[in-house]
Protein chains: 2
Amino acid sequence: MPANECPMDPLLRAVTGRWTTYILWLLANEGPVRFGELMGLMPKISAKVLTDRLRMLEKNGIVLREQKSTIPPEVSYQLTPQGRDLLGALQALNRVAREWERAGWSLDRGFPETAIQ
Amino acid sequence: MPANECPMDPLLRAVTGRWTTYILWLLANEGPVRFGELMGLMPKISAKVLTDRLRMLEKNGIVLREQKSTIPPEVSYQLTPQGRDLLGALQALNRVAREWERAGWSLDRGFPETAIQ
DNA sequence: GTAAGTAATTACCATTTAGTAATCAGTTAC
DNA sequence: GTAACTGATTACTAAATGGTAATTACTTAC
């Protein structure tokens, strides 16, 4: 399967997935944050998914992982310069979302995820 | 489950999903396009998924569906003004993607989709 | 020796999403 | 009467993703 049918697809995929944008948001607003802190800030995320997301963001150069090999270990995450670029671009989306909201629009998606519940 | 943990999440979800951004791209560049034409422009998409995407985009006011009740029917799709807003915001993401590319970055994601093949 | 503390990883199951193939409706052309 | 045309829908299967719970490693404190 061709990786991307659209130039913006790969980047969009890099920030999609449950919790991903929230993680970016938190890292942007809180600066370097430790793993356990992130867990606390997102009461319903699991360690597995948080780890998955951070690994993915790290692999894409969006997030930087720093580890102090103390016992117990201390690991913290922050946005890279690229991550900050990205967040800037995401704000453009956010502005559109807010304009729509102000104009009384709602994104009443047909995704099963929201439709069923 | 809380619908969104992050303000940009709902909008991001509205444009995510395989083929979605490509469809927006095509509608932006080709103007009104008929269903069958879209099928032709995306040789590997299935009618089911194309219909799903168009319905979702329509429900969100991003795409407008127009039907002439002739036999055989003629249905065409185009971006709404909101859809054009959205595409503008997506270009911001695209610009970031291109800058990264120019700088030799690659989004080497851990997604199975790309990792396996 | 056992619990606490941190940052995971693993095995497993449930839910979502994508994809395939068959079918429908209604009219025209053969 | 049967095939062609267009824009779907349906039932079904496969794959991806999300979530839970148990477990690991290493050291300090009790």
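In what follows, chains are A, B, ... by sequence order, proteins preceding strands, each numbered from 1. Please read these numbers as outputs of a predicted model, since none were measured by experiment.
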- Message: Expressed as a whole number of angstroms, how long is the span from A/L50:CG to C/dA8:P?
- Response: 8 Å
- Task: Only counting residues at least two apart or in another chain, list the ones meeting side-chain contact (heavy atoms from CB on, under 4.5 Å) with B/L64.
- Result: B/E66, B/Q78, B/T80
- Query: For the helix from C/dG1-D/dC30 to C/dC30-D/dG1, what angle lies between the axis at the first five pairs and the axis at the last five pairs, to 10 degrees?
  - Reply: 40°
- Quick one: A/E74 CD to C/dA4 C1', roughly how many Å, whole number? 17 Å
- Message: Please encode protein proximity along nucleotides 20-30 of chain C as a string of B, S and -, counting only heavy-atom distances under 4.0 Å.
- Response: B-----BS---
- Message: Under 4.0 Å from OP1 or OP2 of D/dA8: is there any side-chain N or O of B/R65 that close?
- Response: yes
- Please give, in whole Å, the distance from C/dT17 P to B/R13 CZ? 8 Å
- Distance, rounded to the nearest Å, where B/M39 contributes CE and D/dG7 contributes C1': 10 Å
- Using atom CD of B/Q67 as one end and atom P of D/dC5 as the other, report the distance to the nearest whole Å. 20 Å
- Separation of D/dA16 C1' from A/R53 CZ (nearest whole Å): 11 Å
- Item | Verdict with reasoning, B/L24 to B/R84, per side chain to side chain contact (heavy atoms under 4.5 Å, CB included) | CA-CA 9 Å; B/L24 292 176; B/R84 285 190 290 272; over 6 Å; no
- Using atom CG of A/L54 as one end and atom P of C/dA7 as the other, report the distance to the nearest whole Å. 11 Å
- Answer yes or no: does a side-chain N or O of B/W19 lie under 4.0 Å from OP1 or OP2 of C/dG19? yes
- Residues at least two apart in sequence or cross-chain that pass side chain to side chain donor-acceptor pair (under 3.5 Å) with A/E101, listed by chain then number, are none
- Message: Checking B/S69 now: which residues fulfil side-chain contact (heavy atoms from CB on, under 4.5 Å) with it, not counting sequence neighbours?
- Response: B/Q67
- Item | Those residues that, when tested against A/E99, pass side chain to side chain donor-acceptor pair (under 3.5 Å) (two or more places apart) | none
- Item | Given D/dG7, D/dA8, C/dA7, the nucleotide with the shortest approach to the side chain of B/R34 | D/dG7
- Task: Sequence neighbours left out, what passes side-chain contact (heavy atoms from CB on, under 4.5 Å) with A/T20? Give chain and number order.
- Result: A/R53, A/M56, A/L57
- Item | Counterpart residues, side-chain contact (heavy atoms from CB on, under 4.5 Å), relative to A/R55 (two or more places apart) | A/T51, A/E58, A/R65, A/Y77
- Query: What is the distance, rounded to the nearest whole Å, between atom CE of A/M42 and atom P of D/dG19?
  - Reply: 12 Å
- Message: Is there a side-chain contact between A/R18 and the phosphate of C/dT16, meaning an N or O under 4.0 Å from OP1 or OP2?
- Response: no
- Nearest-neighbour nucleotide for the B/F35 side chain, D/dG18, D/dG7, C/dT9 considered: D/dG7
- What residues, two or more places apart in sequence or in another chain, satisfy side chain to side chain donor-acceptor pair (under 3.5 Å) together with B/E37? none
- Message: Just so I know, are the side chains of B/W100 and A/L11 near enough to count as touching, which here means a heavy-atom distance under 4.5 Å?
- Response: yes
